[in-house]
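Written below as structure tokens is the structure these notes are about.
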Amino acid sequence: MRRSPEWRVGKNWVEQATDALLERLSARPALRICLATGSTPLPVYQRLTASPAAFAAASVLLLDEFGGLPATEPERCDAVLRRELVDHVEPADHRTIDVDADDLDSECSAIDQWIDRGGLDLAILGLGVNGHLGMNEPGSDSDGRTASVELATSTIEGAQRYFAGRHRPTWGVTVGLRDLLRAGEVWVLAAGPTKAEIVARSLQGAAGADVPASLLQDHPDCTWWLDPPAATNLEM
Ligand code: PGA
């Protein structure tokens with residue numbers, strides 16, 4: 001059995017991750033995928049737009065969404081995922097998160113039901129500098145499901161690179177750790193020197209709820225796709 005988590009480091013991580021996802025879709029066209037936004041996965045999504053037919057039978061679930069933003073805000077996670085990928089590849093099913101729903105608890109339950117219909121075959125995640133997965137911040141319940149959550153200060157500050165002062169969201173709705181940790185396969189994408197410390201902490205530090213990404217150490221099929229700067233603190 002191969003080691004999990006395994007990490008793959010290379011300047012060409014975008015091409016490799018794209019090819020690996022196309023392979024998964026080819027082997028299982030009705031793949032159920034949970035997709036992050038943020039900035040890291042976007043080059044992968046951009047490459048995927050060249051293969052729209054690959055998604056024809058796939059189901060896509062948005063990982064998380066910021067709360068309290070105008071519907072027209074172009075950096076809402078939903079808007080980003082549509083613009084960068086979904087509008088180009090038109091998956092058979094696309095589930096977003098309605099953070100403006102009158103009854104947010106019902107919306108969260110409906111997302112859990114969407115997940116329960118067939119589970120998640122693959123979760124493609126980014127990594128917060130504090131080790132968050134989606135908006136599951138340090139201390140999140142590893143058994144938690146989709147929920148409205150408060151954002152950590154570093155997440156609020158970090159989100160300014162998307163919103164450039166227009167908005168300062170302090171909460172969001174995220175798919176919970178339970179379902180991310182139970183996905184058939186999990187990928188974490190991390191690039192750049194700002195992620196080096198948390199990558200090493202998540203992969204080689206003690207596993208615990210204080211660093212949600214470290215909980216993936218126990219996942220049977222987890223791959224980290226890293227550029228060389230993000231991998232500099234790893235002991236090889
Ligand atoms: P990034 O965000 O891909 O923009 O670095 C990742 C995250 O905070 O989860």
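The residues of the chain are indexed from 1 along the displayed sequence. First listed ligand is number 1; within each ligand, the first listed atom is number 1.
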Fill in: Residue that, paired with Pro212, satisfies side chain to side chain contact (heavy atoms under 4.5 Å, CB included) out of Leu181, Asn130, Leu125, Leu177
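The passing option is Leu177.
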**Report entry** Salt bridge flag under 4.0 Å for residues Glu75 and Arg161
**Finding:**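 Judged by the 4.0 Å cut-off on N to carboxylate O distance, Glu75 and Arg161 do not form a salt bridge.
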Residue [X] vicinity, atoms of ligand 1 by number, heavy atom under 4.0 Å:
| X | value |
| --- | --- |
| Leu127 | 6 (C), 7 (C), 9 (O) |
| Tyr162 | 1 (P), 2 (O), 4 (O) |
| Arg161 | 1 (P), 2 (O), 4 (O), 5 (O) |

Please check whether His132 reaches ligand 1 - meaning an N/O of the residue sits under 3.5 Å from an N/O of the ligand, judged on distance alone. yes
- Message: Taking Glu15's backbone N and O only, do any of them form a donor-acceptor pair with Asn12's side chain (distance below 3.5 Å, no angle check)?
- Response: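 No; zero donor-acceptor contacts below 3.5 Å.
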Salt bridge (Lys or Arg N to Asp or Glu O under 4.0 Å) partners of residues 56-73, not counting sequence neighbours, each pair once
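Applying salt bridge (Lys or Arg N to Asp or Glu O under 4.0 Å) to every pair that reaches into residues 56-73, excluding sequence neighbours, yields Glu73-Arg166.
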If you have a sec, work out which protein heavy atom is nearest atom 5 (O) of ligand 1 and how many Å separate them, to one decimal?
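For atom 5 (O) of ligand 1, the nearest protein heavy atom comes out as Lys195 NZ, 2.6 Å.
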Closest to atom 3 (O) of ligand 1 among protein heavy atoms sits Thr40 OG1, 2.5 Å
Worksheet item: Residues in side-chain contact (heavy atoms from CB on, under 4.5 Å) with Asp121, at least two apart?
Response: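 Only Arg28, Leu31, Arg32 meet the side-chain contact (heavy atoms from CB on, under 4.5 Å) criterion with Asp121.
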